Each structure stands twice: as C-alpha cells, then as structure tokens.
Amino acid sequence: MVRVRFAPSPTGHLHVGALRTALFNWLFARHHKGKFILRIEDTDVARSSEEMSRSILEALRWVGLDWDEGPIYQSHRFEIYRRAARELVERGKAYYCFCSPGEIEERRTRAQASGEHWKYDRRCLNLDENERQRLLERRVPAAIRFLVPEGRTEFTDLVHGSISVEHKNIEDFVLLRSDGFPTYHLSVVVDDIDTGITHVIRGDDHISNTPKQILLYQAFGKPVPQFAHLPLILGPDRKKLSKRHGDTSVLSFRDRGYLPLAFFNFMAQLSWSPGREERIYTVEEMVREFSLEKVSKGSPIFDLKKLEWLNSRLINEMPVTELIFHLRPWLEKDGLWSEELLSGRKEWFEKVVDLTRTRSRTLLDLSAALAPFLSDNFSYDPEAIKKYLLDDQLDRLLPVLKEDFLSLEHFTAPEIEKVLRERAEKEGMKAALLIHALRVLVLGRSVSPGIFEVLELIGREKTLRRIEKLVEVRNIIKEKEDQG
Ligand code: GLU
C-alpha cells in the first residue's frame, strides 16, 4: 500500500512551496487509496514553535488536505533517534567523533588555504580502541558520524530520472550531534522507516540529501522508498519564489479572499495538469487523474493572474448558496451579516449575490461590492464623485428623476430603464449622465453590474434616499480637499 508523508518544519507559516509538496503527496495517496501521514519536524527546538505548528495544520485544513495518521512530532522522539544512532555504531556503520567544531574548522581552513577540498578526515574513526573508551568514560562530548562506504549510489527519481553520486564526494556526515540532538538525515530516515513510507515526494532542494538517506536505509537494513523531487517554484521574474514576490504564506491567500478550491486548482496546476482545458477541476477529478509521471521537470512560474482568473471563474460558476456559505465570514467581519439573509431575505439576497459576483475576483471584492445592498454605511469613491457628480445639471435633473421613480407603479428594472431613458430624451441629454450619477450615489463607485437591476434590488425607498444625498456626497471631496 502507498504510504506518503508531508514533513514540514514549524519554523514559519506554511508557504506555497511546501503546500505544493503537501498537495502532491495528498493527491498521490488518494489516487492510490493509500495513506497520507503528517509529521512535524520540530527537532530544531530553538526555531520551532507550537504556534507555527498550529498555523500549518490550519493552512492544510483550509485547502482541504486531511491526513490519515499524525501529526507525529519529532520532538517527542529524541530517545528513538539516539537509540538508532547507537545501534549503527554497534553494527560498525557509524562511529563516535570527539573533534570539537573549533578543531574541525581549523583543519578545514588549513586545507582550504592550500587549495584542497576538505571533508571530514576520519581522525576519530582511526582512534585506537583504548583511547576511544577513555574519551567516552571521561564523557568528552561526542557526535556520531555515519561511515560512508566506498562505491556509488544510483537511484531513479520519479520526476528527474536516473541520478548517481560517487561516495567519495560524500563526507562522513553527522547523525547525532554532541549535544544529543539528531540531524535531519537521521530523524527523517528513522521516521520514514518507522512509518513504512513507500514514496518520498518533496522539493528539489532535497535531491542532494537523497543519496545520504539511501545509504542510511541500507545501513539499517531496510527497503529504500521511491523518490520524487518536485521542481522549484519561480516568481514571474524567474527567480526563486520569495518574500520579494509578495506574501507567499498559504493563509494569506485565504485572507485575501481566495476560495480553497480555486487555490487547490492553482497549486495543483503548477507542474501538473489534470486535463487539457483551462478550468476549475473538482478535487475528485484531480485525484482520479493524478500521476507522478505527468509532473513536469521544468520550474513552474507562480502567476497570480492565473489564480485570480481561476478564483473569479469559480466565484461565478459555483451554486450561489455555496458561494454565500464562503462569503458569510467576510460579511460577518464587515458587520454586514444577518441571519435573515438565510431566511426571510434569502431569495432577494441570492439575486443580489448572483448579480454582483460577475465583477468580483475575490471574496474581498465581493463583500465590498455587497456593502451598499446590505447597509447604508458604505464608502464613496472620491474619484467617482469627481468624475460623475459635479455636473450642475444634476441639481435640477435628479429631483425630477426622483419624481419619475415615485410615479412608477412597479419599481422593476425594465420600468426604471424606460422612465430614465424617456426623461433623458425629454431633456435632450445623454442617459449616461444620469446612469453614472445614480451609480455613484447608490453604490459609491463608478462600476457595477447593470444599474437597472441594481436599483430594483436596492429598492425604491433606498434609491430615493440616496439620490437626495447629492449635496452631502459632493461635500465628501470638499472635506477631503480641506483636510489634504
Ligand atoms: N522538514 C523538511 C522540510 O521542511 C522536509 C524533509 C523531507 O521531506 O524529507 O524541508
């Protein structure tokens, strides 16, 4: 059975690079009906924090990645790693090293000064047995180093193909530091063995670690898993994705109003494509289609425009009731939510959301666009006021239009449109003047879905009240100018 793991270090929030690793492991496990195991690699006690562990779990849950086993915390397993390292010493696969960091540094500097490439010189491997015993008894701090055998290691990476490394290029690396803490190589291999991992799927940055880890599996006498290394994600400038490209933490995408399924699609489609079309795929479709063989070797570009496109597509495609479910926390945060929107005003609200969503790329946009429908307390865009509300003709025309609106039997989109166009014609002016002014007065902004549908949904009473605020709204920019 396939058993894979995601093994983040909780030294920061989960960022998109790590999430892509988690996602591919999860898709692989679900495709093969295997197990997805979560392991928190918190052996670096000084840099790890519980808060970051919690934040990582929260990010995984938001994207919809559930795990079958774990989280396993490496910090609970220090004794197990120590025992494993000692076992390798007893079996002659590793040895105690008493060289202090200072001594090693000195030898390295000396070698490098004479132009040599230095790797650990095995001084402690060659200690005489009595001397070794004496040092151990005196409790001189000792690390445990792996004894790299002669030869070379070759493996077939499921993304990159065949990779081979000469052992003479590998130093006798440390497994257990002299302070008793394990190195990454030791803890990762011990845990992957203990949890029966069959496939290690992780970022390209770990390729150079793989030969060492294969040697460790062999030293423990355990089967070596398969490896798949995923290509590094690049920013639009083709440089390694980093903070310079904006916030790359997964939860920041939630907080910017992206839907989990759009984000899931976007992340999965970095390096892999579930089908030929550019569209939103369901999670089930992605699970069905996933295969490591189809992952491309080239570095994908992290293009936020694509995420925006997918998100706005999903906002427009999903059933409106589902969209309201995702929208609710946003409206609550903005003080716009009331339970009535799910009961007494349900039908009306669904129409409003359906009309408004066409122009929204994120839930944040959508929540802002909904404010004028749900409250009288929304903001006016000063640019829109300057552009569309300063025409003197409006002082005379808007009260007349108000009377027209009052005279309508039904305040519906077609009737509103008819009476407005007739009024414009009578006055010998463009209907656009009135339309733009109404949009700014009623919604506070210069763009919106069809204004006549908007007015119908806002309702006659509110529309008339907002038209009456012409002078007040104009004053907003005067006040701004006075202040600024
Ligand atoms: N903890 C390592 C990291 O966050 C992952 C180790 C692994 O996947 O082997 O990069």
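Indexing begins at 1, ligand by ligand and atom by atom, following the structure's order. The analysis underlying the following values was restricted to heavy atoms, covering all of them including side chains, and did not include hydrogens, waters or symmetry mates. Just so it is clear, the model here is predicted, and its values are computed rather than measured.
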Those atoms of ligand 1 less than 4.0 Å from some heavy atom in Arg202: 7 (C), 8 (O), 9 (O)

Any N/O pair Gln213/ligand 1 closer than 3.5 Å: no

N or O contact, Ala7 vs ligand 1, cut-off under 3.5 Å: yes

Atom 3 (C) of ligand 1: nearest protein contact (heavy atom, Å): His206 NE2, 3.8 Å

Ligand 1 contact by Arg5, heavy-atom criterion under 4.0 angstrom: yes

Heavy-atom side-chain proximity of Ser75 to Ser48 below 4.5 angstrom: no

Phe253-Phe263 aromatic ring centre distance below 6.0 Å: yes

Pair His31 and Phe28, ring centroids less than 6.0 Å apart: no

Identity and distance of the protein heavy atom lying nearest atom 4 (O) of ligand 1: Ser9 OG, 3.4 Å

Any Tyr184 heavy atom less than 4.0 Å to ligand 1: yes

Distance filter under 4.0 Å to Glu41 heavy atoms, resulting ligand 1 atoms: 1 (N), 2 (C), 5 (C), 6 (C)

SB check Lys168 Glu150 (cutoff 4.0 Å): no

Numbered atoms and elements of ligand 1 in range of Val188, under 4.0 angstrom, heavy atoms: 9 (O)

Contacts of Arg134 that satisfy side-chain hydrogen bond (donor to acceptor under 3.5 Å, both in side chains) - sequence neighbours left out: Glu131

Which residues share a salt bridge (charged side-chain N to carboxylate O under 4.0 Å, His left out) with Arg244, sequence neighbours left out: Asp237

Note: Glu90-Arg86 ion pair, threshold 4.0 Å (strictly below): no

